[in-house]
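Quick notes on the structure that follows.
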Amino acid sequence: MTVRVRFAPSPTGYLHVGGARTALYNYLYAKKNGGAFILRVEDTDVERSTEEAMRMQIGDLKWLGLPWAEGPNPETLKDMGPHGPYRQSQRKQIYMEQANKLLDSGHAYYDFRTDDELEKLKAGDGEGVVHHIPRPDKIVSADEGRKRVVSGEKAAIRFKIKESKEYVFTDLVRGEVRLPSDMVSDFVLIRSNGMPVYNFCCVVDDALMKITHVFRAEEHLSNTVRQMMIYESLGMPVPKFGHMSFILGPDRQKLSKRHGATSCNDFNLRGYLPEAILNYIALLGWSSPNENQEIMSIEEMIQLFDYDRLNSAPAVFDEEKLNWVNATHLRALPTDELWKRVKAFLVRERIDVPDDKEWVEKALSLFRPRMTTLADAVTLFRPLSDSAYKVGDESKEVLGWAETPKVWDAWEAGLKAHGSDYLSEPDFNALQDKVKDAAGVKGKHLFMPIRVAVIGKPSGAELKELVPLLKKTSLLKRVQQARNARA
Ligand code: GLU
């Protein structure tokens with residue numbers, strides 16, 4: 001048996017961490033077992049699903065690096081694979097065909113009751129909402145029902161629960177699960193407006209797409225009883241299910257936007273690495289068989305993944321731990337790769353810095369250990385950008401000191417006399433000493449004017465680290481700008 005798994009998002013917004021985790025576990029399981037990972041778009045909820053959201057989710061999966069073997073092509077969105085269409089909104093005919101089979105075999109019936117009648121039944125006799133809608137008194141034959149629908153009457157197609165029994169299956173995460181059929185009453189397969197419902201589409205698609213394993217969120221556990229009934233009535237094999245634990249926020253409530261960033265897109269914009277997000281979300285409900293192993297590449301996770309280490313207890317999303325995982329991956333990136341990603345953030349913020357290999361290596365070896373996310377590069381690199389240099393209000397006092405111009409004159413003269421493009425840290429220390437003697441000042445009356453001439457403010461980053469990263473020509477331009485600010 002070839003393993004075939006699917007990720008089946010409803011395109012109603014960006015991919016959130018819960019969805020990403022579902023996608024990841026399915027992907028890992030497929031890869032580990034030489035199987036296929038399939039993307040199916042569950043867009044039958046016309047009010048909430050949008051094409052735009054589908055593109056967003058596809059973009060997020062691409063960013064994470066979880067490629068699918070079948071589904072909408074990530075670039076063109078055209079179907080790839082033999083079991084398409086992969087968007088449920090384009091499969092209505094397929095669902096109707098299967099619904100007709102169930103009508104003919106007596107496992108489903110047309111329900112001609114109006115919405116009003118059903119609402120009344122739901123409202124019950126005033127003693128609370130009735131969840132089990134009773135079966136209509138009279139059920140017409142499939143043929144008669146079809147005729148009435150063709151002649152314009154409205155009807156839903158409902159599943160007919162034949163017997164009261166317990167559905168038992170071995171959940172890959174939770175072990176034996178028993179779901180009594182009495183949990184549900186005859187349920188709708190196709191609404192009277194012609195739209196099929198999730199439980200029906202899901203079964204038809206999983207069966208026709210030959211899905212063997214379904215890892216999905218815990219909230220679908222109670223749907224499984226309806227789905228097992230449909231499989232049984234269609235005579236189709238039931239896949240193995242694994243229902244994953246909830247992800248909670250630090251307050252132990254279900255993780256939601258209230259808790260801050262929860263979508264992959266948010267994390268991307270905030271400078272998290274996709275490999276770190278994958279690593280971190282993998283740990284929300286799964287652990288490596290190797291003791292204490294928490295930092296893993298996707299290749300390692302593929303090797304190590306199995307469902308026997310999926311945890312049924314809820315997982316708590318811990319941003320501090322995510323930060324640690326991110327920083328660890330970030331520090332391990334090859335310099336070229338890190339620079340490529342850092343540069344994207346700098347360009348976005350219009351921070352212009354040199355791009356030659358030697359400079360980049362020097363700058364990254366200084367800043368890399370201080371970065372948790374790529375976005376941290378913005379603050380770290382900004383003082384090195386000539387276009388970002390400006391003398392801030394906080395420098396006013398320093399500009400007013402009588403010693404300041406003397407310090408700048410000596411600083412400028414020393415820079416001009418320096419023989420190469422850059423000053424090393426010892427060069428800078430030596431120059432600072434020279435300025436001290438030439439201008440006859442020390443302490444803050446020495447350091448602060450130099451700082452203003454280098455970074456535009458009297459406090460902040462360490463000059464002995466920054467100066468060696470600034471070209472002599474930049475330093476000269478800056479001292480001139482500082483003078484202009486004083487004038
Ligand atoms: N479209 C469903 C969701 O986004 C998928 C349910 C399933 O995997 O069966 O929750």
Side-chain angles (χ1 to χ4, degrees), residues 3-30 35-51 53-58 60-61 64 66 68 70-72 83 85-92 95 167 169 171-174 177 179 184 187 189 195-231 234 236-247 254-256 262-264 281 285 307 310:
V3 165
R4 288 176 59 82
V5 297
R6 52 39 170 208
F7 175 50
S10 303
T12 56
Y14 281 115
L15 183 64
H16 55 84
V17 286
R21 184 188 63 169
T22 303
L24 174 63
Y25 288 172
N26 280 291
Y27 175 84
L28 293 176
Y29 192 67
F37 173 60
I38 292 147
L39 176 64
R40 180 171 78 224
V41 180
E42 303 211 321
D43 56 352
T44 54
D45 183 345
V46 278
E47 264 147 46
R48 296 179 60 228
S49 306
T50 64
E51 171 101 10
M54 181 181 81
R55 286 174 198 278
M56 279 153 39
Q57 298 231 354
I58 285 179
D60 292 334
L61 289 169
L64 285 171
L66 301 176
W68 48 100
E70 293 174 33
H83 301 283
Y86 292 91
R87 289 161 74 172
Q88 289 186 331
S89 57
Q90 297 173 354
R91 296 173 64 81
K92 278 197 223 157
Y95 305 128
Y167 284 81
F169 68 98
D171 190 279
L172 300 175
V173 183
R174 294 153 204 274
V177 175
L179 300 169
V184 294
F187 52 92
L189 300 175
M195 278 318 264
V197 304
Y198 156 71
N199 279 305
F200 187 47
C201 301
C202 178
V203 169
V204 169
D205 292 349
D206 284 345
L208 298 181
M209 293 177 183
K210 303 194 174 353
I211 300 301
T212 56
H213 297 74
V214 172
F215 294 98
R216 64 181 174 193
E218 179 172 335
E219 50 260 45
H220 292 293
L221 189 58
S222 62
N223 285 322
T224 311
V225 69
R226 292 188 186 84
Q227 297 186 4
M228 287 178 83
M229 289 176 185
I230 303 173
Y231 279 112
L234 285 170
M236 287 169 164
V238 183
K240 292 205 174 342
F241 293 107
H243 289 93
M244 288 142 12
S245 58
F246 284 116
I247 303 177
K254 227 179 129 194
L255 188 69
S256 75
T262 53
S263 78
C264 292
I281 61 178
Y307 53 74
L310 288 175

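Computed from a predicted structure; not experimentally measured. Each ligand, and each atom within it, is numbered from 1 in the order the structure gives.
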(Q) For atom 1 (N) of ligand 1, what's the nearest protein heavy-atom neighbour? Residue, atom name and distance, please. (A) E42 OE1, 2.6 Å
Q. For atom 6 (C) of ligand 1, what's the nearest protein heavy atom and its distance?
A. Y198 OH, 3.1 Å
**Q.** Pair E42 + R91, salt bridge at N-O below 4.0 Å
**A.** no
Q: Output the list of atoms in ligand 1 that are nearer than 4.0 Å to some heavy atom of S10, sorted by atom number.
A: 1 (N), 2 (C), 3 (C), 4 (O)
Q: Can you sort out which atoms of ligand 1 are near R216, meaning under 4.0 Å from one of its heavy atoms?
A: 7 (C), 8 (O), 9 (O)
Q: Identify whether the distance between the nearest side-chain nitrogen and carboxylate oxygen of R87 and E51 falls below 4.0 Å.
A: yes
Q: Indicate yes or no: does R6 engage E70 in a salt bridge with an N to O separation below 4.0 Å.
A: no
Q: Can you pull out the closest protein heavy atom to atom 10 (O) of ligand 1? Residue, atom name and distance to 0.1 Å, please.
A: H220 NE2, 2.8 Å
Q: Measure C202 to ligand 1 on non-hydrogen atoms and call it side chain, backbone, both or neither using the 4.0 Å cut-off.
A: side chain
Q) Is the shortest side-chain N to carboxylate O distance from R48 to D43 below 4.0 Å? A) no
Q. Is it true that atom NE2 of H213 has more than 12 heavy atoms of other residues, nucleotides or ligands lying nearer than 6.0 Å?
A. yes
Q. Does a donor on one side chain sit under 3.5 Å from an acceptor on the other, for R174 and H243?
A. no
Q: Give the residue and atom name of whichever protein heavy atom lies nearest to atom 8 (O) of ligand 1, and the separation in Å to one decimal.
A: R6 NH1, 2.6 Å
